[in-house]
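To start, the structure under review is shown below, and the notes come after it.
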Amino acid sequence: MKSAVSVSQDTLVSPSADAALAAAVGGRASAYLSLTKPRIVLMVLITVGVGFLLGARGSAHPMTFTLTLLGTGLVAGGASTLNQYLERSRDALMRRTARRALPSGRLASPEAAIFGAALGLIGTLILLVGVNGLAAATALVTLLLYVYVYTPLKPYTTLNTAIGAVPGALPPVIGWTAATGSLSIEAWVLFLIVFLWQFPHFLAIAWIYRDDYARGGMKMLPGVDPRGTMTGRQSTLYALALVPAGLLPSIVGLAGPFYFVGAMILGLAYLESAARFWSCVNDATARRLLRASIVYLPAVLLLLVLNPMPA
Ligand code: HEM
Ligand SMILES: CC(C)=CCC/C(C)=C/CC/C(C)=C/COP(=O)(O)OP(=O)(O)O
């Protein structure tokens, strides 16, 4: 009788316990995934992929390509995780980030630190063993600059974003070195485009979230520029510099005339959004500029892949 009761209890209790366990495991898995900032990783991988395909000039080795994306994706996810680990207290103070896995307590911080370090290490080893030493070293330098230079500087200087733009622009260089084993001029042209592109991107974001950044104690330009004059001017100047920089792939023999025309149109459209932001600095023009930034980069990268210069 006793055992019958316990069996019936088990059968009653187990399914809901299993569901709770599954929900907990699923919840933890999604919390771990969120630490890697998947949308940024996806965009980073697109820039890596384009760098690789241009470097390979039509003879990409599928296995090397796959290992490059896998290794760099893991390093990028590890970098974002370590960034969230280091910023957990400040993230708790900002509305945009307060619900993240660490400030909300869904994961404990040592778990995040171990997860981030493991992803970074495994990703670097995959690049080292499966791709080449230069790609592995470039990815590791990218992680170190992002996690240990840019991230700690955010509460101290408004220059943090200009410094963060260096690791932000290195992923296409990782892709290029993975395909070619060298750091040639073409890699630096791709670096320059992504570097300049980031200024209007993050200045628009810094304006939109200016109160939030101030709450978290992050030093961003709009915090010392309440009318937004410098923020608007800098966005416009960097977007202006990006117009000729965006044409360089055709000049160094990376892309053809179709790319040249497309990049010119996209560059002018991005510049127009930045100039409109400068002429009237407000949340609406900043959001429009942010949207333009998220269109510009994938579109230019797509054109590069669609209209490469024949080898
Ligand atoms: C210093 C450089 C950068 C800073 C400070 C920065 C900051 C940010 C922030 C705070 C957001 C979230 C905006 C929101 O929630 O409304 C964002 C969105 C985004 N960023 Fe950046 N970013 C930088 C560089 C980059 C780079 C290098 C890439 C990719 C190559 C990138 C791709 C994106 C994309 C695709 C989004 C939209 C997806 C999303 O909302 O998560 N960013 N950026
Ligand atoms: C291979 C490798 C390591 C790739 C990583 C490339 C990289 C540095 C991408 C992110 C660029 C960046 C500075 C985003 C903002 O982060 P944030 O921390 O200021 O954003 P948050 O305010 O949302 O935390």
Side-chain angles (χ1 to χ4, degrees), residues 34-51 68-88 90-91 93-100 102-103 116 119-120 123-124 126-127 135-155 158-175 177-178 190-191 193-210 212-213 216 218-221 238 283 286-287 290-291 293-298 300-301:
S34 73
L35 287 176
T36 64
K37 302 188 189 169
R39 281 172 302 183
I40 303 282
V41 170
L42 179 65
M43 190 64 201
V44 164
L45 286 183
I46 293 173
T47 66
V48 173
V50 171
T68 301
L69 292 184
L70 177 66
T72 315
L74 290 173
V75 178
S80 291
T81 301
L82 292 172
N83 163 275
Q84 292 201 45
Y85 168 72
L86 293 177
E87 290 189 332
R88 60 196 185 282
R90 289 179 190 275
D91 275 353
L93 304 173
M94 297 186 283
R95 285 198 191 124
R96 183 176 62 85
T97 52
R99 279 165 304 179
R100 285 182 170 175
L102 294 177
L119 290 187
T124 307
I126 289 175
L127 291 173
T138 313
L140 187 59
V141 167
T142 308
L143 178 143
L144 295 175
L145 287 174
Y146 175 52
V147 177
Y148 299 107
V149 181
Y150 163 72
T151 301
L153 281 178
K154 282 169 75 177
T158 57
L159 288 177
N160 72 73
T161 36
I163 293 163
V166 174
L170 280 172
V173 179
I174 300 172
T177 58
L190 298 175
F191 173 89
I193 292 172
V194 182
F195 180 78
L196 295 173
W197 163 83
Q198 286 171 91
F199 283 78
H201 171 75
F202 63 63
L203 288 171
I205 290 168
W207 179 263
I208 295 165
Y209 294 106
R210 59 196 180 285
D212 220 16
Y213 278 127
M218 303 296 197
K219 294 245 180 341
M220 296 290 170
L221 189 57
Y238 282 97
D283 287 9
R287 281 187 198 286
L290 175 57
R291 272 200 303 276
S293 79
I294 293 169
V295 171
Y296 176 91
L297 193 60
V300 158
L301 296 172

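Atoms within each ligand, like the ligands themselves, are counted from 1 in listed order. All figures in this text were calculated on a predicted structure; none of them were measured in a lab.
Annotation for ligand 1: atoms under 4.0 Å from non-hydrogen atoms of Tyr150 are 5 (C). Listed by number with element, the atoms of ligand 2 under 4.0 angstrom from any heavy atom of Glu87 are 24 (O). Of all atoms in ligand 1, listed by their number and element, those nearer than 4.0 Å to a heavy atom of Gly164 are 1 (C). Every atom of ligand 1 is numbered from 1 in the order shown, and the set under 4.0 Å from a heavy atom of Ile294 is 37 (C). Of all atoms in ligand 1, numbered sequentially from 1 with element shown, those under 4.0 Å from a heavy atom of Thr161 are 1 (C). The distance from ligand 1 to the heavy atoms of Gly168 drops below 4.0 Å at these ligand atoms: 27 (C). Shown in contact with Tyr209 at under 4.0 Å from a heavy atom are these atoms of ligand 1, numbered in order with element: 14 (C), 15 (O), 16 (O).
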Original post:
Leu297 and His201: side chain to side chain contact (heavy atoms under 4.5 Å, CB included), yes or no, with the steps?
Top reply: CA-CA 10 Å; Leu297 193 60; His201 171 75; over 6 Å; no
Original post:
What do the steps show when you test Tyr150 against Asn160 for side chain to side chain contact (heavy atoms under 4.5 Å, CB included), and what is the final call?
Top reply: CA-CA 6 Å; Tyr150 163 72; Asn160 72 73; 3.4 Å; yes
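Residue Lys154 has at least one nitrogen or oxygen atom sitting less than 3.5 Å from a nitrogen or oxygen atom of ligand 2, judged on distance alone.
Of the protein's non-hydrogen atoms, Gly168 CA, 4.3 Å is the one closest to atom 11 (C) of ligand 2. Distance from atom 6 (C) of ligand 2 to its nearest protein heavy atom, with residue and atom name: Pro167 O, 3.8 Å. Among all protein heavy atoms, the one lying closest to atom 4 (C) of ligand 2 is Ala76 CB, 3.6 Å. Of all protein heavy atoms, the one closest to atom 10 (C) of ligand 2 is Ile40 CG2, 3.9 Å. Protein heavy atom closest to atom 23 (O) of ligand 2, with residue, atom name and distance, is Arg100 NH2, 2.7 Å. In terms of protein heavy-atom proximity, atom 15 (C) of ligand 2 is nearest to Tyr150 OH, 4.0 Å. At the top of the distance list for atom 16 (O) of ligand 2, counting protein heavy atoms only, stands Tyr146 OH, 3.2 Å. Regarding atom 24 (O) of ligand 2, its nearest protein heavy-atom neighbour is Lys37 NZ, 2.9 Å.
Remark: Leu93 CG to Met218 CE distance equals 9.0 Å, nearest 0.5 Å. The distance from the OG1 atom of Thr36 to the CG atom of Leu82 is 11.5 Å, given to the nearest 0.5 Å. Here OG1 of Thr47 is found 12.0 Å from CZ of Phe191. Values are rounded to the nearest 0.5 Å.
Put simply, part of Tyr213 is less than 4.0 Å from ligand 1, judged by heavy atoms.
Residue Ile46 does not touch ligand 1, judged by heavy-atom distances below 4.0 Å.
Note: Tyr213 and Tyr209 have perpendicular aromatic rings, judged against thresholds of 30 and 60 degrees for the angle between ring planes.
Distances from atom 20 (N) of ligand 1 to the heavy atoms of His201, Lys37, Met43 put His201 nearest.
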